[in-house]
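This chain uses plain numbering: 1 for the first residue, then up along the sequence.
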Amino acid sequence: MAVWALGINHKTAPLDLRGRFAFALDQIAPTLLGLRDSLAHDGRHPQVETAILSTCNRTEIYCAAPIAAPEHTLRWLAQSGGVNAQQLQSHAYHLENSLAARHAFRVASGLDSMVLGEAQILGQMKNAVRAAEGAGALGSTLNQLFQRSFAVAKEVRSSTDIGAHSISMAAAAVRLAGQLFEDLSQIRVLFVGAGEMIELCATHFAAKSPKQITIANRTLERGEKLAARLDGQVMRLAELPEHLHEYDAVISCTASTLPIIGLGAVERALKKRRHRPIFMVDLAVPRDIEPEVQQLGDVYLYTVDDLAGVVQTGQANRQAAVAQAEAIIDAGVQHFMHWLELRRPAGQTGAVVPLIQQLNQQADAWRAAEIARAKKLLAKGEDIDSVLEALSRGLTQKMLHGPLAELRAGDAQAREQTAQTVTRMFLRSQGSTRR
């Protein structure tokens, strides 16, 4: 099987382009079905395996099939995001086989993240795998790739200091807010959404004991659960515009495909606040807050890409850990490629697993035949010792018939090669003395 990965991330594509290719978790299954149908339609990829990893910093497609099809995958992704393939290609990367495996292992280990060594990506990757499994899009090859990436990530985190002293997005947001407001205990904070990222941010802000914490969410139930843990309040998302002016800091991260905080709403809020500043962080991809808001004089708006400089603080001090992690990843890639090589289809050079399967099937057939023969002899009243003797002799003869026939056939050179092979296979302990 060929393995390939195609994607865009925070290093290769701007925020608004990444937003076009952001898939919510509940969209993954139908999207994977569409991708598989598209690849199967050309007749060359009837059994393609697929998975999609989509976060605020990256969208990546992983595939496995007898023949790699990165160009087809690129065209499909471009069409799904409503851009032409050339435009996407200038921001995308595609990797095959060992390079694709290395990339997956680095992503899982946090080496390719905006926050070096962050652990959240591993959970996101596991969610992507579960979604692919649920959609029936994951086969043995991609399953091995991801399970090995999880094992490598675990070893990297337990054996290196890659995550030491890293600053998360949530911590970066608190740090930036602290630069604007002298005392965070005197501000009111509004969190828009109730997902994992908002939960992390709210937890970090709650540690500063702000005057008020409010969760705004489409469904009150989920918002109430988070608010209860933080001793906060909750409101419906529809109520946000009329209450926006009450908050000094707004942190938003939802799965909405369109902005939910518009320029007009922020302008009205500023007017009611008599132009006291508002600190805003938009961690969503695509954006939750209209980009024009950044032009307002009393708004300090930061996107997920704006936080890059803050979260990268201290990364130079972790370069030794990066080198250790890369060595672990190198070993993981070699092991995966060895596993992949062993699974070449029967008939191809180096195909081992199909041959092993055939050998096992042949051995099972011989065993079944000798057991059936032994049972007949026992039913006739034959002595058990003689039956066992006949069974073992029959198995031995069947196992040795092929090697012995080859040793007697062919020319001298062929017989010598067969003799060396037979010695390695059956006479290992005596191999060093035979010359």
Trainee: Nearest 0.5 Å please: distance from the CD1 atom of Ile162 over to the OG atom of Ser159.
Mentor: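 The CD1 atom of Ile162 sits 12.0 Å away from the OG atom of Ser159.
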
Trainee: Just wondering, more than 12 heavy atoms not from Lys208 lying within 6.0 Å of its NZ?
Mentor: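 Not more than 12 within 6.0 Å, no.
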
Trainee: Below 30° counts as parallel, above 60° as perpendicular, anything between as tilted: where do the rings of Trp76 and Phe23 land?
Mentor: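 Taking Phe23 first and then Trp76, their aromatic rings lie parallel (interplane angle under 30°).
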
Trainee: Using a cut-off of 6.0 Å, state whether more than 12 heavy atoms not belonging to Arg218 lie near its atom CZ.
Mentor: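 Atom CZ in Arg218 is not packed in, count stays at 12 or less.
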
Trainee: Ignoring hydrogens and geometry, is there a side-chain-to-backbone donor-acceptor pair from Glu406 to Thr418 under 3.5 Å?
Mentor: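 Not a single qualifying donor-acceptor pair exists.
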
Trainee: Does a donor on one side chain sit under 3.5 Å from an acceptor on the other, for Ser140 and Asn143?
Mentor: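 Per modelled atom types, Ser140 and Asn143 side chains form no pair under 3.5 Å.
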
Trainee: Within a 6.0 Å radius of atom NZ on Lys11, are there more than 12 heavy atoms belonging to other residues, nucleotides or ligands?
Mentor: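 Count over threshold, so yes.
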
Trainee: Working to the nearest 0.5 Å, report the span between OG of Ser113 and CG of Leu122.
Mentor: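 Ser113 atom OG to Leu122 atom CG measures 10.0 Å (nearest 0.5 Å).
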
Trainee: Taking His94 for its side chain and Thr73 for its backbone only, find out whether a donor-acceptor pair lies under 3.5 Å.
Mentor: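 Checking the backbone N and O of Thr73 against the side chain of His94, no donor-acceptor pair under 3.5 Å is found.
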
Trainee: Would you confirm whether Glu118, through its side chain, and Ile121, through its main-chain N or O, come within 3.5 Å as a donor-acceptor pair?
Mentor: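 Answer holds: yes.
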
Trainee: Asn360 side chain to Ala363 main-chain N or O, any donor-acceptor pair under 3.5 Å?
Mentor: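 No.
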
Trainee: Taking atom CD of Glu49 and atom CG of Leu39, what is their separation to the nearest 0.5 Å?
Mentor: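 The CD atom of Glu49 sits 12.0 Å away from the CG atom of Leu39.
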
Trainee: I'd like to know if the side chain of Asn84 reaches the main chain of Gln87, judged simply by a donor and an acceptor atom lying under 3.5 Å from each other, with no hydrogens or angles considered.
Mentor: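 Indeed, once roles are kept as given, a pair shorter than 3.5 Å links the two residues.
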
Trainee: Using side-chain heavy atoms (C-beta onward) and a distance below 4.5 Å, is Met169 in contact with Met114?
Mentor: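 Yes; the side chains approach each other to less than 4.5 Å.
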
Trainee: Does the side chain of Leu184 come within less than 4.5 Å of Pro210's, by heavy atoms?
Mentor: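 Pro210 does not reach Leu184 side chain to side chain.
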
Trainee: Can Glu370 and Lys398 be counted as an ion pair, charged N to O under 4.0 angstrom?
Mentor: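 Counted as a salt bridge, because a side-chain N and a carboxylate O are separated by less than 4.0 Å.
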
Trainee: Closer than 3.5 angstrom, by distance alone: can the side chain of Asn97 be matched with the main-chain N or O of Val3 as a donor-acceptor pair?
Mentor: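 Checking the backbone N and O of Val3 against the side chain of Asn97, a donor-acceptor pair under 3.5 Å is found.
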
Trainee: Do His103 and Glu60 have side-chain N/O donor and acceptor atoms under 3.5 Å apart?
Mentor: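 On atom types as modelled, these side chains qualify, holding a pair under 3.5 Å.
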
Trainee: Does Gln79 CD have over 12 foreign heavy atoms under 6.0 Å away?
Mentor: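 No - once you tally the heavy atoms of other residues, nucleotides and ligands closer than 6.0 Å, there are 12 at most.
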
Trainee: With distance as the sole test, does Thr423 use its side chain to make a donor-acceptor pair with the main-chain N or O of Ala419 at under 3.5 Å?
Mentor: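 Side chain of Thr423 to backbone of Ala419: a pair is present.
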
Trainee: Which of parallel (below 30°), tilted (30 to 60°) and perpendicular (above 60°) describes Phe279 and Tyr302?
Mentor: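 Ring orientation, 0 to 90° scale: tilted.
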
Trainee: Between Arg157 and Gly117, is there a donor-acceptor pair closer than 3.5 Å when you use the side chain of the first and the backbone of the second?
Mentor: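 It does hold such a pair.
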
Trainee: Looking only at non-hydrogen atoms, find the nearest pair between Leu88 and Ala78 and report the distance.
Mentor: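 In this case the closest contact between Leu88 and Ala78 is CD2-N, 3.5 Å.
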
Trainee: Within a reach of under 6.0 Å around CG of Asp231, are more than 12 heavy atoms found that belong to other residues, nucleotides or ligands?
Mentor: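 Counting neighbours around CG of Asp231, 12 or fewer heavy atoms of other residues, nucleotides or ligands fall under 6.0 Å, so no.
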
Trainee: Going by side-chain contact (heavy atoms from CB on, under 4.5 Å), name the residues that satisfy it together with Ser158, two or more places apart in sequence or in a different chain.
Mentor: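 Ser158: no side-chain contact (heavy atoms from CB on, under 4.5 Å) contacts found.
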
Trainee: Would the number of heavy atoms belonging to other residues, nucleotides or ligands and lying under 6.0 Å from NE2 of His243 be above 12?
Mentor: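 Yes, NE2 of His243 has more than 12 neighbouring heavy atoms, counting only those of other groups under 6.0 Å.
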
Trainee: Can you check whether Ser256's main-chain N or O pairs, donor with acceptor, with Thr254's side chain at less than 3.5 Å?
Mentor: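 Present.
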
Trainee: Answer yes or no: is there an ion pair linking Arg229 with Glu199, defined by an N-O contact shorter than 4.0 Å?
Mentor: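 A salt bridge links Arg229 with Glu199.
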
Trainee: Just to verify, which of Leu283, Asn217, Leu226 counts as forming a side chain to side chain contact (heavy atoms under 4.5 Å, CB included) with Ile198?
Mentor: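 Only one option passes, and that is Leu226.
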
Trainee: Is the shortest distance from a Lys or Arg side-chain nitrogen in Glu389 or Arg393 to a carboxylate oxygen in the other one below 4.0 Å?
Mentor: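 Yes.
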
Trainee: Please tell me whether Asp305 and Thr303 have a donor and an acceptor in their side chains that are separated by less than 3.5 angstrom.
Mentor: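 Per modelled atom types, Asp305 and Thr303 side chains form no pair under 3.5 Å.
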
Trainee: Quick check: are there more than 12 heavy atoms from other residues, nucleotides or ligands sitting under 6.0 Å from NE2 of His91?
Mentor: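 Atom NE2 in His91 is packed in, count exceeds 12.
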
Trainee: Donor-acceptor pair, Thr59 side chain versus Thr55 backbone, under 3.5 Å?
Mentor: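 Checked: no pair found.
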
Trainee: Any salt bridge between Arg106 and Asp112, counting N to O under 4.0 Å?
Mentor: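 Salt bridge flag = yes for Asp112 with Arg106.
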
Trainee: Which residue, Leu138, Thr50, Ile61, Asp37, forms the side chain to side chain contact (heavy atoms under 4.5 Å, CB included) with Leu32?
Mentor: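 Exactly one pass, corresponding to Thr50.
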
Trainee: Is the closest side-chain donor-acceptor distance between Gln212 and Thr214 under 3.5 Å?
Mentor: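 On atom types as modelled, these side chains qualify, holding a pair under 3.5 Å.
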
Trainee: Measure the shortest side-chain to side-chain distance between Phe150 and Met125 over non-hydrogen atoms and say whether it is less than 4.5 angstrom.
Mentor: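 A side-chain contact exists here, since the closest heavy-atom pair is under 4.5 Å.
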
